[in-house]
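All chains are named by letter (A, B, ...) in the order of the sequence lines, taking the proteins before the strands, and each is independently numbered beginning at 1.
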Amino acid sequence: MVRITLKDGSSKEYRKGITVGEVASDISKGLARVAVAGQLNGQTVDLMQPIWEDASLNILTFDDMEGRKAFWHTTSHIMAQAVKRLFPNIKLAIGPSIDNGFYYDFDTERPFTPEDLEAIEKEMEKIIKEDLELERFELPRQEAIDFVAEKGESYKVELIEDLPEDSVISFYRQGEFVDLCAGPHVPSTGKVKSFKLLSLAGAYWRGDENNKMLQRIYGISYPKKSQLDEYLNRLEEAKKRDHRRLGRELDLFSILEEGPGFPFFHPKGMVLRNILESFWRSEHTKRGYEEVRTPIILNRDLWVRSGHWDHYQENMYFTNIDGGDYAIKPMNCPGSMLLYKRRMYSYRDLPLRMGELGLVHRHELSGALHGLMRVRCFTQDDAHIFMLPEQVKDEIVGVIDLVDYFYKQFGFNYHVELSTKPEKAMGTDEEWEMAIDALKEALEEKGMDYVINEGDGAFYGPKIDFHLEDSIGRTWQCGTIQLDFQMPERFDLTYIGADGEKHRPVMIHRVVFGSIERFIGILIEHYAGAFPTWLAPVQVRLLSITDRSADYIKDLARELENAGIRVETDLRNEKIGYKIREARLQRIPYMLVVGDKEVESRQVAVRSRDEGDLGPMDVKTFVDKIQQEISDRS
RNA sequence: GCCAAUAUAGCUCAGUCGGUAGAGCAACGGUUUCGUAAACCGUAGGUCGGGGGUUCGAGUCCCCCUGUUGGCUCCA
């Protein structure tokens, strides 16, 4: 007998070799029905897994991330099986589950067409109806290689050869289809009730652009049709809040063919942008930052000195002036270095916090451009902090607090990553280690959870990245703090210490919004265009019922403008329902309806975007209310 | 940059087998002066992304280029 301890702490004896699925059935029929995998002593396993020893067991359903992954992984096998039935000559690469579904990469002579996808979906339906059982088996290394080689699956051979010597090599069989796979999987193909193939894409083998490009098919699946519909519905909803669409509908910005990746900001987009910048300025002034502006174009020598010439050239734009080579800045730091060097500093002057809203240009691959999220020119809300070595931790902590303050202001969730030394880097391993330790120490002092991102640092130093989560769960890197021992060295930055000698300051680069353009893109999606009143490009629209109220409305508009409120009037000869509809589509926070009654009583009928009709109100009452809302930034 | 899809009026989209371009909304003109999400009538608007080719004839078929979209790669 074996003793099995369940999630709730209870335990029970079963015969040796009972499977995970049988235990689930014993617990309850309902659980057995929704079970997709198990967790045996913390390890995810198949429901078909027999249990030979005492163990703790957790039954996973589709609601568990691990369970969902098994479910999606099985669906990817079903897709691969369908592809092999339809196109026997296609070679299989890899087919994992991802955060939202699964994909499978295929090596095929002829790219898939949308019609192929339909045929594959049909074949998958058949495989699901056949309700094939999945069976796991293991093979010794050489046999495994021979097995896949005989099938002509050269990518699988390569995968097995790259597995560590001592690893268990497992396969899963469903009907005539066998695939190399670590598992786990759901017990049979019939478990997958509802699925959809979503998109086709090219993808390099092993993500390396020097390798062959394979054909990737993405898909999603669910145990119930209603869940699939809900997911597809969510995708539709996300489309509606796409910042590119809202940017056009709300007249905020545009990106034209004449400037791919170079956005134009419209008047309303500029209002939003200016508010963000003035918020930024006031918060930074409060925290002891000064502001500078450095040139967009600087000569070649500077970029050679900063290391960008050697380490960043492929992302830079160049120009020539009077026979000399110049570069358009991709970063603000070298300019700031020059500003630091304009005079002598005492240790008493440090830390020196030098901020710059700097417009940088970077050559991004054409295929990577994406609305405001990924552009070729953007404004970094940059700052360089020069400090004594003993000030490093406090300064980093200060920036972490500042970033947190900003993001909370907009109600964002975020997570933190710590990136270490990349391949193309300046400086010694010791310097890097010191810098990484300083960042870790600051994070730990703040008690922040973070993940390590190996090899993803800037070429001059490690960094802490802040990743915001957007409306459809994508994450975007915004804030970053980068510790840099290299630039001060290269530019020979010094300060005079208490001992009267010259010393080397330490420097950090940091941004909070990251890129104002990207941040605006994220804000648009986050609020679905319905900006809180303090950010709304137009805060109030005055709507006339008939021409008779026009003069009163013009007076009101002036009064509200004088109170610092952003106002528009709609005096057109249209019905009130029509005007309200348009104002709502523009997501304007307040509509003031003014007809004969309001002219008579010297009031306004207030309709809030979020709360609907609030009824008549004295003008002063409304102004007080909205001003309060604006100053609270609620 | 690579793979695929795609580009028709300001916007959203029709356009069959290759026979010479159409709707709704928006704009403009008129009528209507109306109380909380779309009044009515009319007018105008297009080198069908650009270039080349096939054809008696191309929005439609082929090739090249550009942009866009979804991925890959890269990143704020």
Tabulate atom names and distances for all N/O pairs under 3.5 angstrom spanning the protein and nucleotides 9-14 of chain B.
residue	atom	partner	partner atom	Å
B/rU12	OP1	A/R248	NH2	2.9

Between protein and nucleic acid, restricted to nucleotides 5-7 of chain B and to nitrogen or oxygen atoms under 3.5 Å apart, what atom pairs and distances do you find?
none

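Distance from the side chain of A/R584 is smallest for B/rA37 among the nucleotides B/rA37, B/rU36, B/rA76. Proximity note for A/L200 (side chain, C-beta onward) versus B/rA76, B/rC34, B/rA4: the nearest is B/rA4. Each of B/rU36, B/rC72, B/rC34 was ranked by its minimum atom distance to the side chain of A/Y218; first place goes to B/rC72. The side chain of A/Q477 lies closest to B/rA76, out of B/rU68, B/rA76, B/rU36. The side chain of A/M213 approaches B/rC72 more closely than any other nucleotide in the set B/rG70, B/rC72, B/rA76. You'll find that the side chain of A/L365 is closest to B/rU73, out of B/rC72, B/rA27, B/rU73. When distances are taken from the side chain of A/D613 to each of B/rC72, B/rC34, B/rU36, the shortest belongs to B/rU36. In the set B/rC72, B/rA38, B/rU36, B/rC72 carries the atom at the smallest distance from any side-chain atom of A/R216. Here the side chain of A/P260 is nearest to one of B/rU33, B/rG67, B/rA37, namely B/rG67. Set against B/rU73, B/rC34, B/rC75, the side chain of A/R518 has B/rC75 as its closest nucleotide.
Contact annotation for A/Q215: backbone-only contact, meaning every heavy-atom pair under 4.0 Å involves sugar-phosphate atoms and none involves a base. Across all strands shown, A/E574 has heavy atoms under 4.0 Å from base atoms, whether or not it also approaches the sugar-phosphate. At a threshold of 4.0 angstrom between heavy atoms, the contacts of A/V593 include nucleobase atoms, whether or not backbone atoms are also involved. A/A583 comes within 4.0 angstrom of no nucleic acid atom, judged by non-hydrogen atoms across all strands. Among the protein residues, A/V375 comes within range of the nucleic acid bases, having at least one heavy atom under 4.0 Å from a base atom. Residue-level contact check: A/G202 touches the bases, meaning some heavy atom is under 4.0 Å from a base atom. Residue contacts shown for A/G207 are limited to sugar-phosphate atoms, with no base heavy atom under 4.0 Å away. Residue A/E598 is in base contact, counting any heavy-atom pair closer than 4.0 Å across all strands shown. Nucleic acid contact for A/Y578: sugar-phosphate only, since backbone atoms but no base atoms lie under 4.0 Å from a heavy atom of the residue. Looking at heavy-atom distances under 4.0 Å, A/D596 makes contact with a base. Using a 4.0 Å heavy-atom distance criterion, A/K579 is classed as making no nucleic acid contact. Nucleic acid contact for A/G367: base, since at least one base atom lies under 4.0 Å from a heavy atom of the residue. Here A/I545 lies in heavy-atom contact (under 4.0 Å) with a base.
A donor and an acceptor atom, one from each side chain of A/E598 and A/S549, are nowhere located under 3.5 Å apart. With no hydrogens or angles considered, no side-chain donor-acceptor pair links A/Q539 and A/T533 at under 3.5 Å. In this structure, a donor-acceptor pair under 3.5 Å is absent between the side chains of A/T108 and A/K91.
A/Y222 and A/Y231 have tilted rings, their planes meeting at an angle from 30° to 60° on a 0 to 90° scale. Classification of the A/H361-A/F262 ring pair by plane angle, with boundaries at 30° and 60°, yields tilted. Aromatic ring orientation, A/H415 versus A/H467: parallel (interplanar angle below 30°, classes split at 30° and 60°). Between A/H311 and A/F459, the angle of the ring planes stays under 30°, which puts this pair in the parallel group of the 30/60° scheme.
The pair A/K239-A/E236 counts as a salt bridge, with a side-chain nitrogen and a carboxylate oxygen less than 4.0 angstrom apart. Using a cut-off of 4.0 Å between Lys/Arg side-chain N and Asp/Glu carboxylate O, A/E568 and A/R541 are scored as salt-bridged. Ionic pairing of A/D162 and A/R206 is present here: one or more N-O contacts between side-chain nitrogen and carboxylate oxygen are shorter than 4.0 angstrom.
Nucleotides B/rA37 and B/rG29 are separated by 27 Å at their P atoms, to the nearest Å. For B/rC13 and B/rA39, the C1' atoms lie 25 Å apart once the distance is rounded to whole Å. The gap from the P atom of B/rC65 to that of B/rC72 amounts to 24 Å, rounded to the nearest Å. The C1' atoms of B/rA9 and B/rA26 are separated by 11 Å, rounded to the nearest whole Å. Nucleotides B/rG19 and B/rG71 place their P atoms 37 Å apart, quoted to the nearest Å. Comparing the same atom, C1', in B/rC41 and in B/rU54 gives a spacing of 47 Å after rounding to whole Å. Rounded to whole Å, the C1' atom of B/rU43 lies 40 Å from the corresponding atom of B/rG53. Remark: the separation of the P atoms in B/rC56 and B/rC64 is 24 Å, to the nearest Å.
Put simply, the side chain of A/R510 does not reach to within 4.5 Å of the side chain of A/V403, judged on heavy atoms. In this structure, the side chains of A/M487 and A/Y460 come closer than 4.5 Å at one or more pairs of heavy atoms. A/Q409 has its side chain out of reach of A/Y407: every pair of non-hydrogen atoms, C-beta onward, lies at least 4.5 Å apart. Contact check for A/W280 versus A/L276: no side-chain heavy atoms found under the 4.5 Å cut-off.
The phosphate of B/rG70 has OP1 or OP2 within less than 4.0 Å of a side-chain N or O from A/H370. OP1 or OP2 of B/rG1 has at least one side-chain nitrogen or oxygen of A/S366 nearer than 4.0 Å. Between A/K463 and B/rA76 there is a side-chain polar atom (N or O) within less than 4.0 angstrom of OP1 or OP2. The side chain of A/R244 contributes an N or O atom lying less than 4.0 Å from OP1 or OP2 of B/rG70.
Of the two residues near RNA chain B, A/G514 and A/L256, the one whose nearest nucleotide lies more 5' is A/L256. Between A/C478 and A/R548, the one whose closest nucleotide on RNA chain B sits nearer the 5' end is A/R548.
The nearest whole Å value for the distance from the CZ atom in A/R376 to the C1' atom in B/rG1 is 10 Å. As rounded to whole Å, 16 Å separates atom P of B/rG30 from atom CZ of A/R572. Atom CZ of A/R206 is separated from atom C1' of B/rG71 by 20 Å (rounded to the nearest Å). Residue A/Q603 contributes atom CD, which lies 19 Å from atom P of B/rG35 at whole-angstrom precision. A/N315 places its CG atom 12 Å from the C1' atom of B/rA76, with the value rounded to the nearest Å.
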(request) Could you summarise the pairing of RNA chain B as dot-bracket text, marking Watson-Crick and G-U pairs under 3.5 Å with ( ) or [ ] inside the strand and | across strands? (result) (((((((..((((.....[..)))).(((((.......))))).....(((((..]....))))))))))))....

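Donor-acceptor pairing under 3.5 Å, judged by distance alone, is absent between the side chain of A/Y204 and the base of B/rG71.
A/F265 carries A/R273 over the face of its six-membered ring, with the cationic atom under 6.0 Å from the centre and within 45° of the normal.
Partner of A/D570 under the side-chain contact (heavy atoms from CB on, under 4.5 Å) criterion, out of A/I553, A/I576, A/L543: A/L543 alone.
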